[in-house]
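On a predicted model such as this, the values are computed, not experimentally measured, just so you know.
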Amino acid sequence: YCNSMQYHNYRVMNHIMDVAGKKGFGTVCQTVEGKAAASLKGCLTVIDNMAIYNPEGIIIDAAALRLPASELAEALRGRDTSFVFINAQGKIDGFSVIERNTETASYLATEHLLTSGYPTVAYVGWASGIGGVNLLGYQRALRDNNVRPAPELVFDTYHYTDEHSKLNAM
């Protein structure tokens, strides 16, 4: 589960996803912010770049888009990857839409991986401050699915240089 795939830290998150994929982690990503969110082409480019890692699904924060979520959804229709829209302000036929509650989103993403047969799910994102609520959702999903939280599987991207060596050591 990658909490953020923002345009400015795209290279960092790409590296994290690459290492996580090689280690056998299922990945779910929240995506498309900054310059990439300004156009359909930019959104699809970021999503296509993430799709090479074969994520179980991609969570899209519709509030960060500068185009209607329904327009992006139409372009994504028929793809093999599952997509969930957060904060889309209404229903999008054929797609899951959940309220903008990052703890809930984190919980659902983690639970999806656990119930899809991935026994080990790492958290990659901010572990404190504003991102701390994402960590709470991840931890709650582990508890609710009888999985013991493992501190060594929490990678705080706010302190990327310290966590980079931790992730590569796995």
A.B. asks: Just by modelled atom types, is the N134 backbone N or O under 3.5 Å from a matching donor or acceptor in the S106 side chain?
C.D. replies: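 Judged by distance alone, yes, a pair lies under 3.5 Å.
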A.B. asks: Roughly how far, to the nearest 0.5 Å, is CD1 of I60 from CG of L72?
C.D. replies: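 With rounding to 0.5 Å, CG (L72) is 4.5 Å from CD1 (I60).
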A.B. asks: Measure the shortest side-chain to side-chain distance between V84 and L108 over non-hydrogen atoms and say whether it is less than 4.5 angstrom.
C.D. replies: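 A side-chain contact is absent here, since even the closest heavy-atom pair is not under 4.5 Å.
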A.B. asks: Do Y138 side-chain atoms and V121 backbone N/O form a donor-acceptor pair below 3.5 Å?
C.D. replies: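 Such a contact is found between Y138 side chain and V121 backbone.
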A.B. asks: Taking the side chain as C-beta and beyond, is there a heavy-atom pair between L76 and L44 under 4.5 Å?
C.D. replies: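 They are in contact (side-chain heavy atoms under 4.5 Å apart), so the answer is yes.
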A.B. asks: Closest heavy-atom contact between I92 and S70?
C.D. replies: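 For I92 and S70, the tightest heavy-atom pair comes out as CD1-N, 4.3 Å.
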A.B. asks: Distance check, rounded to the nearest 0.5 Å: H112 atom NE2 versus Y107 atom OH?
C.D. replies: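 OH of Y107 is found 14.0 Å from NE2 of H112.
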A.B. asks: Using a 4.5 Å cut-off on heavy atoms from C-beta on, say whether the side chain of T120 contacts that of L153.
C.D. replies: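 The answer is yes, as the side chains (C-beta and beyond) meet within the 4.5 Å cut-off.
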A.B. asks: Shortest non-hydrogen contact from P149 to P151?
C.D. replies: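 Heavy atoms of P149 and P151 come nearest at O-CD, 3.8 Å.
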A.B. asks: Between A75 and L40, what is the shortest heavy-atom contact and its length?
C.D. replies: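 Smallest interatomic distance, heavy atoms only, reads CB-CD1, 3.9 Å.
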A.B. asks: State, to 0.1 Å, how close A73 and F95 come at their nearest heavy-atom pair, and which atoms those are.
C.D. replies: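 Taking every non-hydrogen atom into account, O-CZ, 3.2 Å.
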A.B. asks: Quick one: does I47's side chain get under 4.5 Å of R79's, heavy atoms only?
C.D. replies: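 I47 reaches R79 side chain to side chain.
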A.B. asks: Please round to the nearest 0.5 Å and tell me the distance separating atom CZ of R148 and atom CG of L142.
C.D. replies: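 Result: 10.0 Å between the selected atoms.
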A.B. asks: Which atom pair, heavy atoms only, marks the closest approach of G94 to R77?
C.D. replies: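 Result for this residue pair: CA-NH1, 4.0 Å.
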